[in-house]
Amino acid sequence: MVYENIITGVEEKKLLPYEKCLEYGASSLDNAELLAAIIRTGTNGLSSIQLAEKLLENAGNLNGLYGMSVSELMQIKGIGKAKAVQICCILELSRRIAKQKARERLDFSNAETIAEYYMEDMRHLKREHLVLVMLDNRCRLIRDKVMSVGTSTGSMVSVREIFKEALDSRAASIVILHNHPSGNPSPSREDMKVTKNIMEAGRIIGVELLDHIVIGDNSYFSFKQMQYIN
């Protein structure tokens, strides 16, 4: 890093993460230092950097922090409510920024990129969620909406509600996604039936069903790729 080329090891130890960020920019900080700069102060005999290292150790890695709730963070000695809320908000903000950037590059005619975009939001859900993705006549995202939340084995969905939402949003086409909490994306008979009903209704109404994607655990099933939709 530029930072390491500019200052000596002795000088580096004198700079706190917050000061180091001010002097050399956030990119000069490692993961623990970034967390320490957010936390700002240590506690119970631990410095901010030591507390940050303890956080990472408990999470397993930086990605592990995303799965931790405020209450789970507060179970770590030295992390109170204020610090836990601050960490969760920073992580959620970074997730939304990354998702927004991915959305701008997303090709909604490609099942793989759609599945990849929604994968992290849906693969860990304990109940089935059905998401309606509404697109304009150039296949650009208008918006998406969770249409139903079911149990660990299924969800109820109304074809009428799907197309009411699509028409209200002036969508030219739609993509349906839902998750399988079991992790296996293979479609059920009910999935097949619902897909057929939505596809046929869309042809009558004039809002095309481009795809129905089932999200598993780092895997997916596309009805279009498997030629159930054409």
Side-chain angles (χ1 to χ4, degrees), residues 63 66-67 92 95-230:
N63 287 334
Y66 279 99
E92 177 60 19
R95 187 190 69 81
R96 292 187 188 186
I97 291 170
K99 191 172 182 180
Q100 180 62 41
K101 287 183 177 180
R103 175 179 289 187
E104 292 168 0
R105 301 190 299 270
L106 189 60
D107 178 5
F108 281 94
S109 65
N110 186 299
E112 183 177 358
T113 56
I114 297 173
E116 182 180 352
Y117 177 73
Y118 287 95
M119 184 65 69
E120 286 307 307
D121 282 344
M122 299 185 71
R123 73 185 183 97
H124 298 297
L125 296 173
K126 303 302 182 185
R127 295 190 290 170
E128 279 200 9
H129 288 58
L130 188 138
V131 176
L132 170 64
V133 179
M134 291 159 277
L135 309 171
D136 65 17
N137 56 13
R138 296 174 63 183
C139 277
R140 294 176 304 191
L141 180 66
I142 298 173
R143 67 190 185 96
D144 55 26
K145 181 178 179 179
V146 176
M147 296 298 297
S148 69
V149 178
T151 65
S152 61
T153 57
S155 62
M156 298 294 290
V157 58
S158 165
V159 175
R160 180 180 178 277
E161 289 175 5
I162 285 174
F163 284 103
K164 181 181 183 303
E165 199 70 41
L167 291 171
D168 286 347
S169 298
R170 301 182 182 276
S173 59
I174 59 173
V175 173
I176 299 292
L177 298 100
H178 82 276
N179 64 299
H180 280 179
S182 67
N184 182 353
S186 299
S188 65
R189 288 185 180 181
E190 184 64 22
D191 294 337
M192 298 278 194
K193 181 181 177 181
V194 167
T195 302
K196 183 180 179 181
N197 290 344
I198 295 173
M199 181 172 60
E200 290 177 350
R203 286 172 178 166
I204 295 169
I205 294 170
V207 178
E208 182 182 4
L209 174 64
L210 295 182
D211 204 349
H212 181 179
I213 297 172
V214 185
I215 299 293
D217 187 8
N218 271 331
S219 57
Y220 72 94
F221 178 95
S222 163
F223 278 78
K224 184 175 183 179
Q225 283 184 344
M226 299 305 293
Q227 299 184 343
Y228 287 101
I229 295 175
N230 49 43

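- Pairing each heavy atom of Val159 with each of Asn197, the nearest pair is CG2-CB, 4.1 Å.
- Closest approach of Ser219 and Gly183 over heavy atoms only: OG-O, 3.7 Å.
- Atom CZ of Arg143 is surrounded by more than 12 heavy atoms from other residues, nucleotides or ligands within 6.0 Å.
- Looking at heavy atoms from C-beta onward, Leu210 lies out of side-chain contact with Ile229 at the 4.5 angstrom threshold.
- Looking at every heavy atom in both residues, Ile174 comes nearest to Met134 through CG2-CG, 4.2 Å.
- A distance of 11.0 Å separates OH in Tyr228 from CG in Asp191, rounded to the nearest 0.5 Å.
- Between the side chain of Ser169 and the backbone N or O of Ala166, no donor-acceptor pair lies under 3.5 Å.
- A distance of 10.5 Å separates CZ in Arg123 from CD1 in Ile215, rounded to the nearest 0.5 Å.
- A 4.5 Å side-chain heavy-atom check between Leu130 and Val146 finds every atom pair outside the cut-off.
- Taking CE from Met199 and CD1 from Ile204, the interatomic distance works out to 11.5 Å, rounded to the nearest 0.5 Å.
- Between atom OG of residue Ser173 and atom CG of residue Asn137 there is a gap of 8.5 Å, rounded to the nearest 0.5 Å.
- Counting non-hydrogen atoms of other residues, nucleotides and ligands closer than 6.0 Å to CD of Glu112 gives a total of 12 or fewer.
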Dump the intermediate steps for side-chain contact (heavy atoms from CB on, under 4.5 Å) on Leu209 and Thr195, then the final yes or no. CA-CA 9 Å; Leu209 174 64; Thr195 302; 4.2 Å; yes
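- Leu135 has its side chain out of reach of Ile142: every pair of non-hydrogen atoms, C-beta onward, lies at least 4.5 Å apart.
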Would Glu120 and Asn218 count as a side-chain contact (heavy atoms from CB on, under 4.5 Å) if you check the C-alpha gap in whole Å, the side-chain angles of each, and the deciding distance to 0.1 Å? CA-CA 8 Å; Glu120 286 307 307; Asn218 271 331; 4.3 Å; yes
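- A distance-only check finds no donor-acceptor pair linking the side chain of His178 to the backbone of Ile176 [under 3.5 Å].
- The minimum heavy-atom distance between Met192 and Pro187, with the atom names listed, is CE-CG, 3.8 Å.
- Below 30°, between 30° and 60°, or above 60°: for Phe108 and Tyr117 the angle between ring planes is above 60°, a perpendicular geometry.
- With rounding to the nearest 0.5 angstrom, the NZ atom of Lys224 is 9.5 Å from the CD1 atom of Ile213.
- Ion pairing between a basic and an acidic side chain is recognised when a charged N comes within 4.0 Å of a carboxylate O; Glu165 and Lys145 show such pairing.
- The shortest side-chain heavy-atom distance between Ile114 and Leu177 falls under the 4.5 Å cut-off.
- Between His212 and the choices Phe221, Tyr220, Phe223, the ring pair (Phe, Tyr, Trp, His ring centres under 6.0 Å) rule is met once, by Phe223.
- Between His180 and Asn184, the shortest heavy-atom distance links the atoms ND1-O, 2.8 Å.
- In this structure, the separation between OG on Ser109 and CZ on Arg138 is 13.5 Å, given to the nearest 0.5 Å.
- The minimum heavy-atom distance linking Glu128 with Asn179 is given by the pair CG-O, 3.1 Å.
- Side chains of Ile198 and Arg203 form no contact here, defined as non-hydrogen atoms less than 4.5 Å apart.
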